[in-house]
Amino acid sequence: MPKAGPKAEPKAGHRAAVETEDDRLLASAAFSQPLLDWYDQHGRKSLPWQRDPTPYRVWVSEIMLQQTQVATVIGYFDRFMARFASLAELAKAPQDDVLALWSGLGYYARGRNLHAAAQQVMREYGGELPTEREQLESLPGIGRSTAAAILAQAHGAREAILDANVKRVLSRVYAITQWPGQRHVEQRLWRIADHHTPAVRAAHYTQAIMDLGATLCRARQPQCFLCPVQSLCRAHQQGIAAQLPAKKPKTQIERRQRHGFFVLAHCEGQVWLQRRGASGVWGGLWCPPEFDDETRRQDWIDARHGRMVARGCIEHALTHFDFFIHYCVVDIARSEGHGAAVHDDTARWITSADALRLGLPAPIKRLLQEISL
DNA sequence: AAGGCGGGGGG
DNA sequence: CCCCCAGCCTT
């Protein structure tokens with residue numbers, strides 16, 4: 001990889017021999033002011049969590065927005081708020097109810113952490129999210145950037161954020177060609193982010209820089225011709241905006257495959273589901289019984305005198321492997337095995353319709369809907 | 001088919 | 001402290 005990008009040229013001739021990083025910082029307001037002006041004209045101001053931006057609502061939105069685009073989050077957010085209007089209601093809800101509303105959103109640890117954090121806030125802070133960044137960061141699921149976003153959006157505090165949008169914008173404006181995953185690069189980005197965060201209109205500024213990153217200064221095909229800070233942007237001047245931020249040096253993990261063998265046991269319009277263990281794929285979600293191989297699955301079916309009526313395979317892509325979901329539909333009698341555990345916290349007979357109200361992995365949800373036992 | 005996306009937890 | 005990712009969506 002040609003890393004020989006132009007080193008920052010001293011603009012004035014009489015600079016010190018070793019140019020410090022501070023020498024290259026733009027004036028704080030030279031960046032924030034045009035950004036705020038652009039936000040006033042083009043920024044998003046009526047997203048669900050921007051209307052009535054309480055700490056609780058901002059928090060939930062920020063957790064959902066991790067790894068997930070705004071357009072996807074909106075529906076989940078509205079349903080979540082309809083069911084859990086307050087932090088107290090979230091805290092007292094069963095985890096299943098929380099995961100049910102998270103179903104399809106992915107990264108289910110976010111939902112579990114959100115739920116656990118709500119309970120922690122009830123215990124330790126009397127039900128009010130703390131207003132100290134350090135205390136926020138001690139809650140599960142809240143890191144430095146999410147804590148800052150909550151403080152800025154809900155309290156108007158001057159707190160710098162550094163999510164992927166902001167990293168991209170600042171990497172370009174400052175033409176930072178090193179990978180932001182490197183510690184010193186990330187630290188520098190935090191300093192730059194802090195430098196440009198204004199004391200007044202901090203909430204608007206925070207939203208503005210995220211909006212810019214999401215709409216114009218996006219990962220692919222940045223719309224520099226519309227950008228309010230185009231004239232400041234060193235990457236644009238150098239014609240390398242689209243190549244920044246630098247990508248992680250590829251460690252080339254070979255994509256693996258995994259096969260899971262599932263039984264959709266069917267009886268009187270109901271299906272047998274079990275809660276998965278907390279670790280591993282789809283931790284804590286509900287699923288039909290899964291086996292590592294077809295033999296073990298057949299043993300399970302035979303032991304219950306099941307009658308196979310259909311089978312198939314669907315493929316589901318996860319981060320580092322392709323999951324082949326081999327399923328079969330089996331009629332079994334309710335008396336064959338599970339009579340006692342009709343309905344408890346780890347396994348139950350349930351109709352497909354009711355199952356959709358549990359936390360289900362996306363492909364399992366689709367499967368149940370399509371098969372509609 | 002590949003790339004984007006924060007924080008926790010594991011090595 | 002790195003390093004990695006057990007999930008979706010978009011392009």
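If you're wondering where the values come from, they're calculated on a predicted model, not measured in any experiment.
- Listed candidates were C:dC8, B:dG4, B:dG6. Nearest to the side chain of A:Trp282 is C:dC8.
- Using cut-offs of 30° and 60° on the angle between ring planes, the pair A:Phe323 and A:Trp282 is tilted.
- Residue A:Ala362 is in sugar-phosphate contact alone, with no base atom involved, counting any heavy-atom pair closer than 4.0 Å across all strands shown.
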Might you work through the side-chain hydrogen bond (donor to acceptor under 3.5 Å, both in side chains) test for A:Gln270 and A:Arg348, ending with a clear yes or no? CA-CA 9 Å; A:Gln270 294 184 310; A:Arg348 62 179 63 161; over 6 Å; no
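- Rounded to whole Å, atom P of C:dT11 lies 12 Å from atom CD of A:Gln223.
- Using cut-offs of 30° and 60° for the angle between ring planes, the A:Tyr205 and A:Phe31 rings count as perpendicular.
- Residue A:Thr68 is out of contact with every strand shown, counting any heavy-atom pair closer than 4.0 Å.
- Between A:Leu105 atom CG and B:dG6 atom C1' the separation is 14 Å, expressed in whole Å.
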As a check on the pairing definition, encode DNA chain B in dot-bracket form, counting Watson-Crick and G-U wobble pairs whose two distances are under 3.5 Å, and using | for partners outside this strand. |||||.|||||
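- A:Gln69 places its CD atom 12 Å from the P atom of B:dG4, with the value rounded to the nearest Å.
- Proximity of A:His115 to A:Gln119: side-chain heavy atoms (C-beta onward) are separated by under 4.5 Å at one or more points.
- Here the nucleotide nearest the side chain of A:Asn113, chosen from B:dG8, B:dG6, C:dC8, is B:dG8.
- A:Gly181 comes within 4.0 angstrom of no nucleic acid atom, judged by non-hydrogen atoms across all strands.
- Other residues, nucleotides and ligands contribute only 12 or fewer heavy atoms inside 6.0 Å of the CD atom of A:Glu128.
- Within the 4.5 Å cutoff, the side chain of A:Arg144 has heavy atoms near those of the A:Glu137 side chain.
- For A:Leu139 and A:Pro245, each mapped to the nucleotide of DNA chain B holding its nearest heavy atom, the one lying further toward the 5' end belongs to A:Pro245.
- A:Glu186 has its CD atom 13 Å from the P atom of B:dC5, to the nearest Å.
- Whole-Å rounding puts the A:Ile161 CD1 to B:dG6 P distance at 10 Å.
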Go through A:Asn165 and A:Arg168 one step at a time and tell me if the side-chain hydrogen bond (donor to acceptor under 3.5 Å, both in side chains) criterion holds. CA-CA 5 Å; A:Asn165 287 319; A:Arg168 186 166 54 250; 2.8 Å; yes
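- B:dG10 and C:dG7: their P atoms are spaced 14 Å apart (whole Å).
- Taking the side chain as every heavy atom from C-beta outward, A:Tyr108 and A:Val98 never approach each other to under 4.5 Å.
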Expected rows: protein N/O vs nucleotides 1-3 of chain C N/O, under 3.5 Å:
residue	atom	partner	partner atom	Å
C:dC1	OP1	A:Arg183	NH2	3.3

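- No donor-acceptor pair closer than 3.5 Å links the side chain of A:Glu159 to the backbone N or O of A:Ala152.
- To the nearest angstrom, P of B:dG3 lies 15 Å from CZ of A:Arg168.
- Residue A:Tyr76 places none of its side-chain N or O atoms closer than 4.0 Å to OP1 or OP2 of C:dC8.
- In this structure, A:Trp102 and A:Phe80 have perpendicular ring planes: the angle between them is above 60°, well past the 30° mark.
- Note: A:Trp38 and A:His42 have tilted aromatic rings, judged against thresholds of 30 and 60 degrees for the angle between ring planes.
- A:Gln67 comes within contact range of at least one nucleobase, with a heavy-atom separation under 4.0 Å.
- Scanning residues 206-222 of chain A for heavy-atom distances under 4.0 Å to DNA chain B yields A:Ala219, A:Arg220.
- Comparing the same atom, P, in C:dC9 and in B:dG8 gives a spacing of 24 Å after rounding to whole Å.
- Ion pair A:Asp194/A:Arg191 not flagged as a salt bridge, since none of the NZ, NE, NH1 or NH2 atoms sits closer than 4.0 Å to an Asp/Glu carboxylate oxygen.
- Remark: P of C:dC8 and CH2 of A:Trp102 are 13 Å apart, rounded to the nearest angstrom.
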Under the side-chain hydrogen bond (donor to acceptor under 3.5 Å, both in side chains) criterion, do A:Arg44 and A:Thr215 qualify, and how do the steps go? CA-CA 10 Å; A:Arg44 294 178 286 196; A:Thr215 59; over 6 Å; no
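- Nucleic acid contact class of A:Ile63 (heavy atoms, under 4.0 Å, all strands): none.
- When the P atom of B:dG4 is taken as reference, atom CG of A:Leu65 falls 19 Å away, rounded to whole Å.
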